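Everything below concerns the one structure shown next.
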Amino acid sequence: MTNPTTYYEPIIGLEIHAELMTNSKMFCGCKVVDSAEAPPNTAVCPVCLGMPGMLPVINRQAVEYALRVALALNCTIQHHNIFARKNYFYPDLPKAYQISQYELPLGVNGWLEIELEDGSSKRIGVRRVHMEEDTGKLTHLEGGGSLVDYNRSGVPLLEIVSEPDIHSGEEARAYGLKIRQILRYLGVNSGDMEKGVLRVEPNISIRPVGSTAFGTRTELKNLNSFKALAEGTAYEIARQAEILNRGGQVVQETRGWHDARRITFSQRSKEEAEDYRYFPEPDLPPLAISDEWIATVRASLPELPDAKVARYQADYGLSAYDARVLTEERAVAAWFETAVAAAPTHAAKTVANWVINNLFALMNEKKQGIEQIQVTPAGLVELIGLVENRTINHNTAKEVLAEMFATGQSAPAIVQASGLAQVSDEAAITAVIANVLAANPDSVTAYLGGKEKLLGFFIGQVMRELHGKGDPAVVNRLLSQTLAARRQA
Amino acid sequence: MRAPPQTVTELRSALRRGEITSVAATQAMLDRIVALDNELKSYLTITDELALEQAAAADRRRAQGEDGALLGVPIAVKDIICVAGAPTTAGSKILDGFIPPYDAFVVQKLKEVGAVILGKTNTDEFAMGSSTENSAYFITRNPWDLEHVPGGSSGGSAAAVAAELAYGALGTDTGGSVRQPASFCGVVGLRPTYGRISRWGVVAFASSLDQVGTFGRTVADATALFQAIAGYDRRDSTSLNVPVPDYAAALTGDIRGLRVGVPAEYFVSGIEPEVETAVRAAIAKLEELGAEIHPITLPHTRYALPVYYLIAPAEASANLGRYDGVRYGPRVEGADMIDTVKKTRALFGPEVKRRIMLGTYALSAGYYDAYYGRALKVRTLIKQDFLNAFAQVDVIACPTSPTTAFKVGERADDPISMYLADIFTLSVNLSASCGLSVPCGFDSKGLPIGLQLIGNALQEATILNAAYAYEQATGWHQEKPRIGRG
């Protein structure tokens with residue numbers, strides 16, 4: 001296929017559904033459980049099973065979580081909130097309607113910044129953020145029969161709809177990742193796409209560059225990763241371009257992403273689309289959200305990634321890249337900030353380097369998150385202190401960190417127990433130098449004859465004799481002095 | 001042998017004096033049900049075991065010194081209200097055999113005060129009807145004349161109370177389903193303000209209109225039941241969190257200075273002359289008792305019926321979507337999952353299907369604004385009519401129904417004439433008012449006529465006292481239907 005973006009401008013909007021990690025469900029007291037783990041139909045009650053005569057009661061915590069997200073996405077919060085019934089019929093929807101917000105959503109007209117691969121950033125509009133409830137889960141058995149699990153039925157769900165400001169699969173991915181990062185920062189969603197707690201559905205259309213009319217759009221479902229989001233979107237752009245190039249017409253439809261074959265396929269055409277017959281939910285009076293409540297939630301918001309990145313650059317002198325890496329996860333950023341606070345004498349830059357270059361490598365190798373590791377921020381600072389006061393050298397410190405990571409012991413304890421302390425004693429080092437020079441008379445002669453590159457060889461030999469624990473600066477200085485003395489002799 | 005107590009009030013006195021036990025009173029009712037209900041068909045389920053257990057428990061509570069208006073009093077519950085462990089069908093085959101694991105809020109309240117539940121009474125399917133002929137099980141008869149309907153949809157409750165097969169009963173009133181059968185059966189039926197009573201555990205028909213109501217043979221009896229079940233329930237977000245007054249204490253019988261409005265729009269063609277005569281005589285009686293009579297106008301009255309038949313079916317079309325045989329109720333197996341659901345839904349009766357279709361249409365894309373959306377706007381105008389009226393008067397007096405009880409089968413094939421039976425009651429549900437029906441005489445066939453008294457939001461005490469004053473001054477409640485008297 002030819003590169004479609006040469007001729008066409010893709011117009012993409014994203015609908016994101018995020019389950020909220022509240023204690024209880026949106027409209028009843030049932031616990032929110034991990035539906036992949038909990039036995040089927042164990043977190044259910046007459047309300048979330050849609051039994052006769054049961055009524056919904058709005059979960060205040062869910063509204064608060066939704067408010068957090070709407071505020072973090074710079075939305076205008078609507079004071080007068082209406083819930084509606086979205087009617088459609090499917091056995092995983094126990095009431096045959098989903099309680100959702102329709103005409104008056106919680107948040108409107110928001111935005112967020114995404115970072116593009118070239119380092120620039122772009123603002124994407126957030127059209128609306130609204131509250132609703134999740135459905136149950138159907139499993140169709142081979143050979144007939146269907147099973148339904150209502151554990152997920154009634155779990156609070158947030159729908160976040162972007163403006164059609166996205167123009168490529170990569171931008172879609174960047175936007176999705178940014179939303180996920182913010183949801184995680186806010187502590188409202190784990191961001192686990194494979195478990196379905198976060199679901200991303202792009203609407204994709206293309207139009208000739210310069211045109212102002214929108215093309216026919218397709219909606220993409222079943223994307224179980226951000227990689228699939230980028231690839232599926234790109235595939236769909238190319239597929240539509242090819243149709244248009246052939247003189248064909250794009251059909252308005254819902255398409256699925258086939259993860260194994262990495263293609264999209266038709267699922268449902270517009271003709272089969274449902275009429276949801278929305279109407280105001282008579283079982284719930286309008287939900288009033290006061291300015292006081294909004295102010296309280298706003299004040300409780302954590303520092304968000306963009307603000308952190310700016311602050312790390314300004315206050316710590318970090319590069320934009322380092323700041324982004326350190327703020328990717330809120331827990332890592334918190335860990336880092338605790339370390340910086342504990343290390344008044346070291347530059348934050350040094351701490352950042354240790355975290356990014358060494359700690360992350362260990363975490364990746366052992367597949368551990370920041371919450372799981374045994375190294376504490378104070379422990380890392382202590383280790384850096386040992387390097388700075390020359391008790392150990394940098395290479396030894398890396399080994400000590402690995403040991404700290406593996407055992408949870410402190411740096412001084414490891415240094416003590418393993419005799420790793422750096423040798424800075426000049427007399428001892430001078431003696432070793434003498435031995436090394438005595439053992440390599442030819443090399444000494446060559447060095448004195450002008451092959452000064454051999455200095456590295458001597459340093460290596462001396463360090464070997466010192467089992468790697470020699471203070472490199474002292475070794476270097478004394479060796480240079482000794483050789484200089486010989487030359488003059 | 002002393003005559004058995006006739007009313008809740010009398011039974012309470014007899015229980016207090018130890019002249020009768022709750023078990024004996026309950027057994028007497030159960031015996032009477034066995035003797036008479038084959039003909040009347042007011043009960044769908046008789047919960048005799050539960051009733052006798054509750055009666056024995058009530059007797060023990062009384063022995064320990066407890067007292068209360070309903071302690072040990074046998075009553076009936078409309079089969080659209082859930083009673084844990086007892087079948088609840090809503091008069092529909094689609095809930096045949098459904099046994100809820102929970103009590104409705106109102107049933108919890110009745111159990112708390114020690115009332116005895118005799119059984120579940122017949123209803124039009126999902127409360128959709130005005131004659132109880134839409135019950136999927138059988139037709140309930142009017143105890144004054146078995147050829148006639150008892151009204152509906154709470155016809156089973158009204159008939160049971162009128163025939164003394166219960167001391168009182170619960171019904172639900174979405175468009176008149178307590179007041180109209182009360183009128184047809186010659187008993188008192190109260191439809192409180194929306195939100196005064198929790199709907200939790202009441203099978204939904206039209207959520208913004210449904211409200212539980214009470215039946216009694218006297219105003220005091222209907223009041224006693226109402227007192228027990230009124231109040232806030234955090235599980236119903238539409239229930240009102242306002243204090244519950246002492247309604248019994250409000251029954252003074254003194255209505256001097258009470259401003260009674262008589263709406264011109266409720267005395268129009270279509271009303272039976274005997275009904276109009278009786279209701280006008282009742283209004284004259286209120287004046288005689290010291291009330292001031294004022295002509296008023298409720299100009300949007302003629303829109304109440306079309307508005308109601310857009311809003312109620314629209315809400316019903318959503319509320320009834322859940323009956324798919326997947327989680328509870330009967331299931332008719334089909335070729336696959338969707339086919340099974342389709343076959344199961346065929347268990348709905350014709351009137352229910354008609355209203356689901358009406359409602360679905362009214363909510364459809366392209367029709368919403370013209371139908372449901374417009375109906376909501378007109379509903380606001382109807383509400384405003386009542387608010388304007390209640391700025392001038394305390395109570396509105398009018399007929400409960402334009403006619404007395406019609407014959408079984410007479411309107412069964414004509415939905416529109418059936419819908420007209422509720423023409424005077426619908427507006428109360430559409431507005432934020434409360435209303436009741438109190439007996440005010442008989443037509444020449446000996447069928448009861450009801451006077452409807454309507455009050456402003458939460459003014460139940462006002463209309464109950466007006467009805468009480470009228471009842472005490474007239475004594476229509478002492479008339480008994482023929483059934484069971486040879």
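Computation of the quantities below employed the complete heavy-atom set of this structure, encompassing side-chain atoms and omitting hydrogens, waters and symmetry-equivalent molecules. Remember, it's a predicted structure, so these values are computed and weren't measured experimentally.
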Go through A:Gly50, A:Gly29, A:Pro46, A:Ala96 and name the one with the most non-hydrogen pairs under 4.5 angstrom from chain B. A:Gly50
Check whether any side-chain heavy atom of A:Tyr90 sits under 4.5 Å from a side-chain heavy atom of B:Val326, and report yes or no. no
Side chains of A:Arg85 and B:Asn319: closer than 4.5 Å at any heavy-atom pair? yes
pair A:Pro280-B:Tyr372: side-chain heavy atoms closer than 4.5 Å: yes
Could you check whether atom CZ of A:Arg255 has more than 12 heavy atoms from other residues, nucleotides or ligands sitting under 6.0 Å from it? yes
Aromatic centroids of A:Phe279 and B:Tyr368 separated by under 6.0 Å: no
Cut-off 4.5 Å, heavy atoms of chain A, and the answer for B:Leu209 is neither
Any donor and acceptor pair, going by atom type alone, linking the side chain of A:Asn87 with main-chain N or O of B:Ala318 inside 3.5 Å? no
Is it the case that atom OH in B:Tyr309 sees more than 12 heavy atoms from other parts of the structure closer than 6.0 Å? yes
Within a 6.0 Å radius of atom NZ on A:Lys31, are there more than 12 heavy atoms belonging to other residues, nucleotides or ligands? no
Sub-4.5 Å side-chain heavy-atom contact between B:Tyr102 and A:Pro52: yes
Within a strict 4.5 Å, meaning less than it, do heavy atoms of the B:Arg327 and A:Pro94 side chains meet? yes
Name the region of B:Phe126, side chain, backbone, both or neither, that has any atom closer than 4.5 Å to a heavy atom of chain A. neither
Is the number of heavy atoms from other residues, nucleotides or ligands within 6.0 Å of CZ (B:Arg374) greater than 12? no
For B:Tyr367, is it the side chain, the backbone, both or neither that has a heavy atom under 4.5 Å from a heavy atom of chain A? neither
Do other residues, nucleotides or ligands put more than 12 heavy atoms under 6.0 Å from the NZ atom of B:Lys342? no
Taking every heavy-atom pair that is under 4.5 Å apart, which of B:Val203, B:Leu376, B:Ile338, B:Thr360 has the most such pairs with chain A? B:Thr360
Given side chains that start at C-beta, do those of B:Met337 and A:Pro91 come closer than 4.5 Å, heavy atoms only? yes
Between side-chain atoms of residues 53-64 of chain A and protein atoms elsewhere (two or more places apart, or another chain), which donor-acceptor pairs fall under 3.5 Å?
from	atom 1	to	atom 2	distance (Å)
A:Asn59	OD1	A:Gln61	N	2.8
A:Asn59	OD1	A:Ala62	N	3.3
A:Asn59	ND2	A:Ser24	O	3.0
A:Asn59	ND2	A:Ser24	OG	3.4
A:Asn59	ND2	A:Lys25	O	3.0
A:Gln61	OE1	A:Asn23	N	2.9
A:Gln61	NE2	A:Tyr65	OH	3.2

I'd like to check A:Pro285 versus B:Thr238 (side-chain heavy atoms, cut-off strictly below 4.5 Å). Are they in contact? yes
Side-chain contact test, heavy atoms from C-beta onward, threshold under 4.5 Å: evaluate it for A:Phe89 versus B:Asp324 and give yes or no. yes
More than 12 heavy atoms of other residues, nucleotides or ligands under 6.0 Å from CD of A:Glu103: yes or no? no
Straight-line distance of B:Ser207 OG to A:Asp283 CG, nearest 0.5 Å: 4.0 Å
Based on non-hydrogen pairs under 4.5 Å, which of A:Tyr278, A:Tyr97, A:Phe27 is most in contact with chain B? A:Tyr97
Identify which part of B:Ala90 has an atom lying under 4.5 Å from any heavy atom of chain A, answering side chain, backbone, both or neither. neither
